[in-house]
Amino acid sequence: MSTLALLGGTPVFDAPLPRDRSMGPDERRAILEVMESDCLSGFYGSAGPEFHGGPKVKAFEEAWRHRYGSRHAVSVNSATSGLFAAMGAIGINPGDEVIVPCWTMSATAMAPLVYGGIPTFVDVEDETFCMDIDAVRAAITPRTRAILTVNLFGHPARLMELRALADKQGLYLVEDNAQGPLAQENERKAGTIGHIGVFSLNYHKHIHTGEGGMCVTDDDRLAERLTLIRNHGENLMWDRPRDDLVNMVGFNYRMTELSAAVGIEQLKRIDARVEGREQFAAALSEGTRGLPGWSVPHARAGCRHNYYVWLVRFDATLVGVSRTTFSKALAAEGFEHATGYVRPLYDLPIFQQRRAFGRDGYPFTLSNRTYQTGMCPVAERLHRQEAVTFEPCAYDTTTPALADRLIEAIHKVYDHREDLKAIDREMPSTA
Ligand SMILES: *Cc1c(COP(=O)(O)O)cnc(C)c1O
């Protein structure tokens, strides 16, 4: 049995893991075509056909609409912009409460704040890591205006139930589907079940345009409001008087023709890119299932998980080794990974100090919501104690036998648990 790399042995990997390369000859050709046209953005921030962007932006949106079966697709320059626009489109007002999961990327919780909304954090489910619907029910107050759910790690939240709840209560459901392309719940695509679904096309996601995002909706009015917020909508007033342009501040969230041209090519390959990650995650799960204290992820019945993140729940008591020491040993073998994900977002100073803008605490001055560490015990435990995460999208998962060698590294560390227990005994603070 070879020695652990942590203790001076030879690592399983002697070089960094092979990086994903997603740009192929088609993307290169598409970029050159835009360069030759000399139109790098077709947008103009005033009334007219260019209000909705150039030919590549329009073609990309058309292809996305077709692929997702949604009535509208509105491209933006990031999912963050898309989430901000979605909050504006549904008319979040200062003091309105928006229910969000506490365990997500920070942009989810910043979106309501931009419109003076108050994020109300709820805990996540132990199995899917998406928002707990009972906690959502309990969080609804007369001031609640929307539920902003996240299909975290590529697994759908309880979307149909959340939509039914939102409809019954007269709330909007917005999906942060940044991580969820092609995820599904009961044959329905994640991103299309809420009133608005927001996708990310940043460099780290399954398909990307460097930076970028897409909003989908079946609602004509919401789609129009998204386009107004995307592109200085207030300027349309000069063209003809309209009374829907109050409470409507336009931004510049426009996608360039270069990004859209890349997006068109990436979208053609979305099936292969998602399936590649699914198969890779399935191989990792298969090869490590049943190890003590190592719970591999799985999809809820009827759901499709795209494995943006492969999250293992690590039980240090059953493994007999602290997560910190185990993770150090795994990293020394060359297995790049992380422990935890992000701290529950209520721990951010913005919430702890209830100050987002300026000195006096707006918008929290409009609310008596407070934010305490420990509010969401499931997310706290997952983050602080259990989660071991790997991001398949970062790596070239088509490299032969990469999964086999990652599995080998995990087994190697498991086989040397006695050595690691000794390390823990020397440094009890790592437990
Ligand atoms: C990546 C991500 C975002 C932000 O996407 P950008 O396109 O980088 O703005 C928002 N929410 C979640 C859950 C994400 O993973």
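Counting convention: from 1, in listed order, for ligands and their atoms alike.
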Heavy-atom proximity to atom 13 (C) of ligand 1 ranks first, among Leu201, Asp176, Thr80, for Asp176

Minimum distance, heavy atoms only, to atom 2 (C) of ligand 1: which one of Glu211, Gln179, His204, Lys205 is it?
Lys205

Heavy-atom side-chain contact between Val319 and Phe326 under 4.5 Å
yes

State whether the shortest distance between N or O atoms of [X] and N or O atoms of ligand 1 falls below 3.5 angstrom.
X: Ala79; answer: yes
X: Tyr308; answer: no
X: Ser81; answer: no

Could you tell me, atom by atom, which parts of ligand 1 come under 4.0 Å of a heavy atom of [X]?
X: Gly212; answer: 7 (O)
X: Ala178; answer: 2 (C), 3 (C), 10 (C), 11 (N), 12 (C), 14 (C), 15 (O)
X: Asn202; answer: 1 (C), 6 (P), 7 (O), 8 (O)

[X]/[Y] aromatic ring centres below 6.0 Å:
X: Phe84; Y: Tyr115; value: no
X: His383; Y: Tyr341; value: no
X: Trp310; Y: Phe153; value: no

Among protein heavy atoms, which sits nearest to atom 3 (C) of ligand 1, and what does the distance come to when rounded to 0.1 Å?
Met105 SD, 3.5 Å

Does the pair Glu211/Lys205 count as a salt bridge with the N-to-O cut at 4.0 Å?
no

Show which side-chain atoms of residues 369-379 pair as donor or acceptor with protein atoms under 3.5 Å away, not counting sequence neighbours.
residue, atom, partner, partner atom, Å
Arg369, NE, Glu97, OE2, 3.1
Arg369, NH2, Glu97, OE1, 3.2
Arg369, NH2, Ala139, O, 3.4
Thr370, OG1, Gln372, NE2, 3.0
Tyr371, OH, Pro119, O, 2.7
Thr373, OG1, Asp347, OD1, 2.7

In this structure, CD1 of Ile140 is separated from CD1 of Ile147 (nearest 0.5 Å) by 5.0 Å

